[in-house]
Structure formats: structure tokens, C-alpha cells
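Have a look at the structure below, then the notes.
Note on naming: letters A, B, ... go to the chains in the order of the sequence lines (proteins, then strands), and numbering restarts at 1 for each one. Side chains are part of it too, since the values below use all heavy atoms of this structure and drop only hydrogens, waters and symmetry mates.
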Amino acid sequence: MPFFDLKRKLASEIADYFNSPDIKAEALAADAGVPPQLALGHLALPCFKLSKVLKQPSDMIAKSLTEHFSGKGITVTPTGPYANFKWDVGYLYSTTLESIFTKKARYGSDDSGKNKHIVFEYCSPNVAKKLGFQHIRSTLIGNTLANVYDFLGYQTERINFVGDWGSQFARLLAAFETWGRPELVDTTLPGFSAKAAMDHLFEIYVKFHKECDVHPEYLEQASKCLQRLEEHEARATDLWKKIRKISIAAMDETLERMNIRFNHLEGESTYIPEIQKTLKEVKEKAGAKLSEGAWIVEVPGLTTPALVQKKDGTTLYLTRDIAAAEDREKRFHPDKMFYVVAEQQKLHFQLLFGTLKLMGHEWADNCEHVSFGTVLFGTEKMSTREGRVIFLDELLDEAKALALEECTKKNPDLPNKDEVADMVGVGAIIFGNLSSHRKSDIEFKWETVLALDGETGPYVQYSLVRCHSLLEKAKAKGEKSGVVKDVSQYAFAPEEESLILSLAKLRSTLHLAVRDNEPYHLTYYLIDLAKAFNRFYYKLPVLQSNDPTQRELRLGLVEATQTTLTNGLELLGMRAPKEM
RNA sequence: GCGCCUGUAGCUCAGUUGGAUAGAGCAUCAGACUACGAAUCUGAGGGUCAGAGGUUCGAAUCCUCUCAGGCGCACCA
């Protein structure tokens, strides 16, 4: 029985024991923590709160828990105000390994999210721009969370909502009409290259913003472009279609490298045909009013109004987001709608949710902005507009090249080095990105992002390589690997114990990840497990052991580690090589 | 100016929602391959948890103030 269930069971037994309306199993489970050292036990219950409710000193309570719960496969030691619970290691071993060997690739999953429907919006790049390092956070956080929710039985919708409309695009259009080279975006020409097209678009986009500083009239030209688009003028529309198609193809290619797929590709443009209807609805229901020639909605509690229509009559991102949210509600009736978008857009989402609420949409309470910190470049933020950006493709290439170099150094005879380098390089980027709290800002540094040593993706992958190598050798020798039935006489080493304990915790980790919408819990867990395994591996002989029972048991632990690490990496969208 | 966020070892970050002696990785130094893969493992040094008050059995965590940095504040997304 994995840790998650053991903890619940114990908490409800303790609640039953006290039999008081003020002591609830759930609260006990939440209070229980991990003792500072393994020797103290597996689970620590601080008795301070119980002391208040029961009006008894906390150390007395710890002692009474000890007397009542010791035996029955568990040892309880009172340590001052703490009751430290330690399951019989054999019991922990049997239940955990049983579960891993039964559920295999599904180990860690459950159906706690059954009948719940979640909509995720993430990645959401702008058309005509290559994916930059900033997009990686939204994409990876969203992808991992959606994977975890799926694994726990939720039904998920993964929407990539591309910015294919609005002033931003109009500016590109204006830039293209001034400096654009049409032959570069003509997909029918024999020499067409999507990469060259994207590079060209990026170049003129940056140029446009630079020129705007000296020629403000360019902005007027852009405004006209947007009007032409919203009026479906043929020339503008044709160019829009071309650029959109090229961008999406380029984007898919990059996402594919990180094993990321969506089940909905939508764009702001989707909502343009019906946008007048949305505007009318907002004006009527949310009490929009005219201010300085533009239409605004005043959201209670916010000093900045929601701007839904500009004075030139065109719409904004916010307007299209309103239409999109209504559409998603109608299509999916989700229990939650998560927007995985940078912290900087916090106000935007407050305005969006506030406006939806004013429109009478009670479901606006189900919407949540899952924000993340800014990517900094030195002390400046990354900005495509100013040309200060690292493109995702370049980053992945760089990571792969470095991994290849490392691989060649360490394992020159490896046959599929290129493939391995790709898994390791991309893995390092994915893992590294999810290795800190999503809300903290991160500073872009090549040596940090490309690290292959220490608490990194390759560390976890390397642990898996060790597992695989051992299991292959065992297979060749005809060794048995599995769950040893009777371990009552077996003396578990501390390294075995902490490995078992770590193996048991995958599901409780995933529940933490869902509770906080925080993928970090998972990466941290995988490091913890890999570390427990590497210590076990270093200290204890597996195939070298003279005792056949011990060999079988340890091989079983290796296989269980392989399954658990693999499941975890897959949730992150990472692949693991068999050799590296 | 107003609002939000952040400040923990030289660097990058954890700290299980208020609990035990504040922990990891990198870097530095010292060790472990005639052992199942050394992309590994073991150990050492390194801390006024930005600062000052407060709340209580107990604070890195909660409250107040100060300092430093970041982000946002209607016709961008």
C-alpha cells in the first residue's frame, strides 16, 4: 500500500481513537510530516494541536498514542511532543512493491478526478514569432499539469490559444508591407524555407518597433492594417493566412521536440466573426460605458478599467478572451479553467474574470490564472519586441550539442549517440525548467540551463540507465526479480528502507502537485527517489550478493525504481535512454 | 504615486502551509572505480533566514514598519 493510503488509514485510525468532533482525520493527515531523520520514523505527528483540543500536555498525548498504536505492523516512539510512526519495513516493502508490480505504467495514478473536467490553456504563442525561452515555462508547466491531472483520472482539454490577431499582428503586417520580402513567405516556391521565413518576420518585427520610436506614423499604419483585417480586406487576409500557416508549422515542429501535443489549436481569430455579438453582450450585461472614445467596463475592486473596444472600433485581446471563455464554457462545462500565463498578466486576468462575473457568468469563479515568474536576462526581462530573446530551437540545439559532447567523452562507443544526446539535452531543459517554484523569477544563464550534473534531468536519466543495465545483466543470468513473499526474517538495510519509502510516495506527490498546481513537487520527488536509489546502488551489492533471496529482493527494488522513475519522467514529457 | 510579488550559504534554489539541530545542487577542499556504469557516492568548510518591532508553548513561514530588487497600472498581448 503506497504511502498516500497508509497515511490516510493511520490518520483515520487516530481520529477514531480520540473520537472527538474536533479531531478530523484529514487535518491529522495534513499536520503529519516527515521526521528529520529516517531513524526516528516514517511519519511524525506533532501533538500541539491535539494538546489544545484534549487539554492534555502534548508529550502525554504522544505517549498515549504510543501505547495504543504500537504493534500491528507499526512502531510508535514518543519524542517529546512528537509521536513518530514507523511502519514495519517488511510491510511497507510488500504493499508498495505489490502495487508497483501490479499497476506498472499506471503506478501512481488513481481515479480521484473522475467526472471532473479541466480546461488548460498554455503555450499560447504569437503567430509570426518563433517560440522563445519565455514560452517554455507556460508550455512545460501546462503540459506537466495536464499530464498529472490526466493520470489522476481527470478529463482534460489542452488548448493552445495562439495570438493570431490584434495590433501585434497588424504591426507585423505593416512592417511586411514596408520591408517584407514576399518571396520568403511564398510556400509554393521551390526554395521555400520555414526557418528563413520566420527569421525574416522576426527581423522586420524588431525593426518596426525600433523605427516606431522615430516615426510614430508607423503606428497609424498598423492601426489601419488591423481595421483592414477586421473588415476582411483580401490582400491583408491573404497575407495573414500565409503567415499564420507557416508559423503554426514551425511551432509544431519545436513543440514536437519536447513531446508536447495539444488537443485543441485555437486562435484569437476564431472569435473575430462573432466578436460584434460579444461586444454587444458585454456592453449590455456588464454595463460597459464610453470613455475617451473607447468602451470600458469598471470592475469592482480594480482601479484600472477593462478596455473592450478601442476608439478606432477594433477589439482587444481581452475582448477575444471573453469570447473564448464563453465558448469553452459552452463546449466543455468545465469544473476548472486554468490559464497558464506569466505573472505579468495578472491584471489582465483579474479584468477578464471580473468582467465575466459582471456579465452574470457565475462560472467565472472556476477560472484561475496559474501564473509563473518572469524570465530575466541579466536584470532585464526577455522581450521579443526588443529582439532580446533566446529561441527555443536554438536552446534545444545547444543543449543537444552539449549532451553529445559529454556523451562522446563518457561513452565513445555508444551506437545511437545522436538520439541519446537529444533525450538528454532536451530532458535537461525540461527538468531544469520545472526545478524551481513556478512563481519565482528565473534568470537565464547558459551554464544553469544547460547543467548536466547534480540535481538535473540527466541525473534521473542516469539512475534509470543504471537500473536498466542491472536488469539486463540479471536477465542474461536468469536471475529472478520480483516481490519476495515472506520478508519477516529479512533485515532491511537503511538504504533499502529509504528507497522503499521514497518509492511509496509517488501518488502523494502527485496530489501535492494538483493541490498547488505546482510541477515542482514532481521534479523534487524524482530527485529524491533517484538519490535514494544511487545511495542504495553504491552501498549494497545487488547481483553480487551471495544470498539468492536478497538478490531477488534487491532486483525487485531496482525494477520498481525503474517503473516509478519512468512514470514520473513521462509525466514531465521526458524520455529516458537505455544507455548514455 | 498606487497595487502585486520577491529577499534564506559565494552562486542557483528547497524548507511539506506555524513545528524537532534551517537543508540540497553548483563552486571550493579532502576522499571512494582490479565493485552491478564515477553523468555516481562519502566527508569538510560555508547562515544575524535583508533589517527592526510584534503575535505564542514555538516564526524563515503570520502582522506592522524600514531598506533593496522585480512586475503591473485603459486604446500591446
Side-chain angles (χ1 to χ4, degrees), chain A residues 30-37 40 44 46-49 51-52 58 79-82 84 124 126 163 165-171 222-223 268 291-296 302-312 314 316-318 320-321 341-348 350-351 371 373-374 376 379 381 385 403 406-407 409-411 424 435-437 439-443 445 447-448 451-456 458-459 461-463 465-466 468-474 508-509 512 515-516 520-521 524 527-528 531 534-535 537-545 554-555 558 579-580:
Chain A
D31 277 347
V34 181
Q37 289 115 33
L40 286 170
C47 299
F48 305 100
K49 286 181 188 164
S51 158
K52 250 180 202 165
S58 49
T79 314
Y82 293 87
N84 288 317
S124 307
N126 287 316
W165 205 259
S167 310
Q168 179 121 317
F169 188 81
R171 285 174 188 180
S223 164
E268 291 181 46
S291 163
E292 296 170 36
W295 286 90
I296 60 162
L302 299 176
T303 46
T304 309
L307 186 61
V308 293
Q309 188 177 23
K310 296 189 277 185
K311 62 183 167 199
D312 67 4
T314 58
L316 293 112
Y317 174 41
L318 182 64
R320 299 186 281 276
D321 254 0
V341 181
E343 174 73 27
Q344 293 154 29
Q345 294 196 39
K346 184 175 176 166
L347 181 60
H348 167 80
Q350 287 175 331
L351 291 168
S371 65
T374 313
L376 301 168
T379 55
K381 101 181 155 175
R385 203 180 286 191
E406 200 65 13
C407 198
K409 215 187 301 171
K410 292 186 166 140
N411 200 348
V424 173
S435 290
S436 61
H437 208 82
K439 281 190 177 151
S440 56
D441 290 349
I442 52 175
E443 193 178 330
K445 268 193 196 153
E447 66 258 44
T448 316
L452 306 176
D453 295 329
E455 296 177 342
T456 62
Y459 177 82
Q461 288 170 324
Y462 182 70
S463 312
V465 164
R466 284 179 149 180
H468 182 258
S469 170
L470 263 180
L471 291 167
E472 283 297 298
K473 286 204 167 70
S508 42
T509 301
L512 285 180
R515 184 193 67 185
D516 302 335
Y520 169 78
H521 289 298
Y524 181 84
I527 289 294
D528 186 65
K531 208 177 270 185
N534 281 320
R535 284 177 183 155
Y537 179 90
Y538 185 80
K539 194 81 186 284
L540 307 171
V542 179
L543 290 171
Q544 250 72 4
S545 167
R554 288 183 179 168
L555 270 173
V558 174
E579 294 175 275
M580 64 191 268

Under 3.5 Å between N/O atoms: give me all the protein pairs with nucleotides 35-41 of chain B, atom names plus distance.
residue: B:C36; atom: O4'; partner: A:Gln544; partner atom: OE1; Å: 3.4
residue: B:C36; atom: O3'; partner: A:Lys473; partner atom: NZ; Å: 3.4
residue: B:C36; atom: O2'; partner: A:Tyr537; partner atom: OH; Å: 3.2
residue: B:C36; atom: O2; partner: A:Val542; partner atom: N; Å: 3.4
residue: B:C36; atom: O2; partner: A:Leu543; partner atom: N; Å: 3.0
residue: B:C36; atom: N3; partner: A:Val542; partner atom: N; Å: 2.9
residue: B:C36; atom: N4; partner: A:Tyr537; partner atom: O; Å: 3.1
residue: B:C36; atom: N4; partner: A:Leu540; partner atom: O; Å: 2.6
residue: B:C36; atom: N4; partner: A:Pro541; partner atom: N; Å: 3.4
residue: B:G37; atom: OP1; partner: A:Ser469; partner atom: OG; Å: 2.8
residue: B:G37; atom: OP2; partner: A:Lys473; partner atom: NZ; Å: 3.0
residue: B:G37; atom: O5'; partner: A:Tyr537; partner atom: OH; Å: 3.3
residue: B:G37; atom: O2'; partner: A:Tyr462; partner atom: OH; Å: 2.5
residue: B:G37; atom: O2'; partner: A:Arg466; partner atom: NE; Å: 3.2
residue: B:G37; atom: O6; partner: A:Met580; partner atom: N; Å: 3.4
residue: B:G37; atom: N1; partner: A:Met580; partner atom: O; Å: 2.8
residue: B:G37; atom: N2; partner: A:Met580; partner atom: O; Å: 2.8
residue: B:A38; atom: OP2; partner: A:Arg466; partner atom: NH2; Å: 2.8
residue: B:A39; atom: OP1; partner: A:Tyr462; partner atom: OH; Å: 3.3
residue: B:A39; atom: O4'; partner: A:Lys410; partner atom: NZ; Å: 2.9
residue: B:U40; atom: OP1; partner: A:Gly454; partner atom: N; Å: 3.4
residue: B:U40; atom: O2'; partner: A:Arg466; partner atom: NH1; Å: 2.9
residue: B:U40; atom: O2'; partner: A:Arg466; partner atom: NH2; Å: 3.4
residue: B:C41; atom: OP1; partner: A:Tyr459; partner atom: OH; Å: 2.5

Item to check | A:His348 NE2 - B:C76 P separation (whole Å) | outcome: 14 Å

Checklist entry - Taking the P atom of each, how far is B:A50 from B:A68, in whole Å? => result 16 Å

Next on the checklist: Does a side-chain N or O of A:Ser440 approach OP1 or OP2 of B:A14 to a distance below 4.0 Å, or not?
Outcome noted: yes

Next on the checklist: Dot-bracket, 5' to 3', for RNA chain B please: Watson-Crick or G-U pairs under 3.5 Å, [ ] where pairs cross earlier ones, | where the partner sits on another strand, dots elsewhere.
Outcome noted: (((((((..((((.....[...)))).(((((.......))))).....(((((..]....))))))))))))....

Checklist entry - Would you call the rings of A:Tyr520 and A:His437 parallel, tilted or perpendicular if under 30° counts as parallel and over 60° as perpendicular? => result tilted

Checklist entry - Which listed nucleotide (B:C76, B:C71, B:A74) is nearest to the side chain of A:Ser291? => result B:A74

Next on the checklist: Measure CG/A:Asp321 against P/B:A77 and give the value in whole Å, please.
Outcome noted: 10 Å

Checklist entry - Just how far is it from atom CD of A:Glu579 to atom OG of A:Ser469, taken to the nearest 0.5 Å? => result 8.0 Å

Item to check | Between P of B:G70 and CG of A:Asp441, the distance in whole Å | outcome: 10 Å

Item to check | Pairwise P distance for B:C26 and B:G43, with rounding to whole Å | outcome: 14 Å

Item to check | Whole-Å C1' distance, B:C49 and B:G7 | outcome: 10 Å

Next on the checklist: Could you tell me how far B:A22 sits from B:G69 if I compare only their C1' atoms? Round to whole Å.
Outcome noted: 24 Å

Item to check | Same-atom distance (P) from B:G25 to B:U34, integer angstrom | outcome: 25 Å

Item to check | Side-chain N or O of A:Ser167 closer than 4.0 Å to phosphate OP1/OP2 of B:C76 | outcome: yes

Next on the checklist: Closest-nucleotide mapping onto RNA chain B: is A:Ile527 or A:Asn84 further toward the 5' terminus? I mean the 5' end.
Outcome noted: A:Asn84

Checklist entry - With a 4.0 Å cut-off on heavy atoms, is A:His521 in touch with a base, just the backbone sugar-phosphate, or nothing at all? => result nothing

Next on the checklist: Can a side-chain donor-acceptor contact be found between A:Asn534 and A:Tyr462 if the only test is distance below 3.5 angstrom?
Outcome noted: no

Checklist entry - Between atom CD in A:Glu292 and atom P in B:A74, what is the gap in whole Å? => result 10 Å

Item to check | Nucleotide B:U17, atom C1' - distance to OH of A:Tyr520 in whole Å | outcome: 15 Å

Next on the checklist: What contact category does A:Gln461 fall into here, base, sugar-phosphate, or nothing, at under 4.0 angstrom with non-hydrogen atoms?
Outcome noted: nothing

Checklist entry - A:Gln344 has an atom CD; how far is it from atom C1' of B:C76, in whole Å? => result 13 Å

Please list each protein N or O that sits under 3.5 Å from an N or O in nucleotides 4-6 of chain B, with the distance.
residue: B:C4; atom: O2'; partner: A:Lys346; partner atom: NZ; Å: 3.1

Item to check | Interatomic distance at C1', B:G46 relative to B:A52, whole Å | outcome: 26 Å

Checklist entry - Is B:C33 in the syn range, within 90° of 0, or in the anti range? => result syn

Item to check | Residue A:Tyr524 excluded, over 12 heavy atoms near OH under 6.0 Å | outcome: no

Next on the checklist: Between the base of B:A77 and the side chain of A:Glu268, is there a donor and acceptor pair under 3.5 angstrom?
Outcome noted: no

Next on the checklist: Rounded at 0.5 Å granularity, tell me how far CG in A:Leu351 sits from OH in A:Tyr317.
Outcome noted: 12.0 Å

Item to check | P gap between B:G72 and B:U28, integer Å | outcome: 37 Å

Checklist entry - Which whole-number value in Å describes the distance from A:Asp516 CG to B:U16 P? => result 11 Å

Item to check | Comparing A:Lys49 and A:Val34 on RNA chain B - which has the more 5′ nearest nucleotide | outcome: A:Val34

Checklist entry - Can B:U17 be described as syn, meaning its chi torsion is within 90° of 0, or is it anti? => result syn

Checklist entry - In whole angstrom, what separates A:Gln168's CD from B:A77's P? => result 7 Å

Next on the checklist: When the P atoms of B:C5 and B:U21 are compared, how many Å lie between them, rounded to an integer?
Outcome noted: 31 Å

